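Below is one structure, written out as structure tokens, with a few remarks after it.
None of these values were measured; they are calculated from a predicted model. So you know, we letter chains A, B, ... as the sequences are listed, proteins then strands, and number each from 1.
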Amino acid sequence: MKKLPLSFYLRADVEQIAKELLGKVLVTNWGGAFTSGRIVETEAYAGEIDNASHASRGRTPRTEVIFGTGGTAYVYLCYGIHQMFNIVTNISGIPHAILIRGVEPMEGTGIMLQRTGKKKVDETLSRGPGNVGKAFGFHTSQCGFSLVGEELYIADDGFTIKPSMIGTSPRIGVDYAGDHADWHFRYFLKGNKYVSGKIR
DNA sequence: TCTATGATCCCCT
DNA sequence: GGGGATCATAGAT
């Protein structure tokens, strides 16, 4: 498996990066607890002009990492329960981020079951951003972590997808964002059962 | 200090 | 298909 280089994350086109992340392998290795899975669903958040992004409300201590340089993790606690894992992209000063919404488990499923408290591996294990965060052991304390380190990275294992396998839709849970709620910034692998929401 | 709220999920009817 | 869980953050007092 080839680890994606820092340059992958520093490009300007978030939509393109969000699309290319489909089929790649997400790896976390916190203290030797190795887990990996294939990314099947992503959402792009295009910075200050995007009303759906946290960054649109300005630069704060929490959103600081999104404004930082690409290739780092932004982990956010939602509804007091769910740890959401985001990938920061673009160069410093431009707040682009990609939310990982769905992952198909590969290695370390035993560890994931332990973390989620589930009995068996099924599609609920890592479908939806909240579950991905839980299964892969993400925590808000990991905000700002590098994506090219040993504990956290994204790899290419040679798996390729055809453009016809990629579906797009408006993003989920951001209806409040006015016109931007209609942007097709959500990307997923068609038919994959680890894709959340109704449109697969 | 205090309070509202959210890029969600799960269990209950 | 509806509501409760549960807490860091941000903006108001």
Side-chain angles (χ1 to χ4, degrees), chain A residues 9 14-15 17-19 21-22 26 37 39-68 70 72-90 94-105 112-145 147 154 167-189 192-200:
Chain A
Y9 306 100
V14 253
E15 295 178 68
I17 299 173
K19 243 181 286 188
L21 281 172
L22 292 176
L26 170 66
I39 297 169
V40 298
E41 186 181 0
T42 61
E43 268 182 19
Y45 285 83
E48 287 171 305
I49 56 156
D50 184 352
N51 287 328
S53 170
H54 290 159
S56 67
R57 291 172 203 267
R59 202 163 176 152
T60 66
R62 179 181 70 157
T63 60
E64 188 65 29
V65 59
I66 313 178
F67 284 86
T72 54
Y74 170 55
V75 186
Y76 163 63
L77 180 75
C78 191
Y79 295 94
I81 301 179
H82 305 290
Q83 320 280 342
M84 314 252 254
F85 169 55
N86 299 252
I87 293 168
V88 178
T89 68
N90 216 314
I94 302 177
H96 284 184
I98 297 167
L99 171 68
I100 304 300
R101 296 188 53 89
V103 173
E104 182 180 343
M112 296 186 199
L113 289 176
Q114 208 174 354
R115 284 176 181 152
T116 56
K118 291 181 187 297
K119 295 278 186 290
K120 61 182 173 60
V121 177
D122 62 17
E123 67 273 15
T124 67
L125 184 61
S126 58
R127 178 174 66 184
N131 293 330
V132 170
K134 218 190 312 183
F136 282 83
F138 282 106
H139 188 265
T140 51
S141 65
Q142 288 145 357
C143 212
F145 268 46
L147 282 169
I154 291 170
T168 69
S169 84
R171 290 167 297 184
I172 292 177
V174 292
D175 294 343
Y176 63 87
D179 295 343
H180 301 165
D182 294 331
W183 292 356
H184 280 46
F185 273 16
R186 172 171 173 256
Y187 302 98
F188 56 93
L189 291 185
N192 191 292
K193 60 181 181 173
Y194 288 92
V195 174
S196 68
K198 288 176 186 158
I199 310 170
R200 294 215 252 291

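Atom-to-atom, CD1 of A/Ile81 to P of C/dA8 comes out at 12 Å; the value is rounded to the nearest Å. In this structure, A/Lys118 atom NZ and B/dC11 atom C1' are separated by 12 Å, rounded to whole Å. Distance, A/Phe138 CZ to B/dT8 C1': 17 Å, rounded to whole Å. Here C/dT9 presents its C1' atom at 6 Å from CZ of A/Arg62, a figure rounded to the nearest Å. At whole-Å resolution of the value, CG in A/Leu77 and P in B/dC9 are 13 Å apart. B/dC9 atom P lies 6 Å from atom NE2 of A/His82, rounded to whole Å. Between A/Asp122 atom CG and B/dC10 atom P there is a gap of 10 Å when expressed in whole angstrom units. Remark: C1' of C/dA8 and OH of A/Tyr74 are 10 Å apart, rounded to the nearest angstrom.
Between the side chains of A/Ser53 and A/Ser56, no donor-acceptor pair of N or O atoms lies under 3.5 Å.
Across all strands, A/Asn86 comes closer than 4.0 Å to base atoms (heavy-atom distances). Nucleic acid contact for A/Gly130: sugar-phosphate only, since backbone atoms but no base atoms lie under 4.0 Å from a heavy atom of the residue.
When the shell of 6.0 Å around CD of A/Gln114 is examined, it contains 12 or fewer heavy atoms from other residues, nucleotides or ligands.
Considering only heavy atoms from C-beta on, A/His96 stays 4.5 Å or farther from A/Val88 through its side chain.
Judged purely by atom type and a 3.5 angstrom limit, A/Arg171 uses its side chain to pair as donor or acceptor with the backbone of A/Ala44. A donor-acceptor pair is defined here as one N or O able to donate and one able to accept, closer than 3.5 Å; such a pair exists between the side chain of A/Arg115 and the backbone of A/Ala135.
Evaluation of A/Tyr76 against the base of B/dA7 yields no stacking contact (centre distance < 5.5 Å, interplanar angle < 30° required).
Rounded to whole Å, the P atom of B/dA7 lies 24 Å from the corresponding atom of C/dG1. Going from the P atom of B/dA4 to that of C/dG4 covers 16 Å, rounded to whole Å.
Taking a pair to require two hydrogen-bonding distances under 3.5 Å in either a Watson-Crick or a G-U wobble arrangement, C/dA5 pairs with B/dT8.
Phosphate contact (OP1/OP2 of C/dA10, side-chain N/O of A/Thr60, threshold under 4.0 Å): present.
Here the nucleotide nearest the side chain of A/Tyr79, chosen from B/dA7, B/dG6, C/dA10, is B/dG6.
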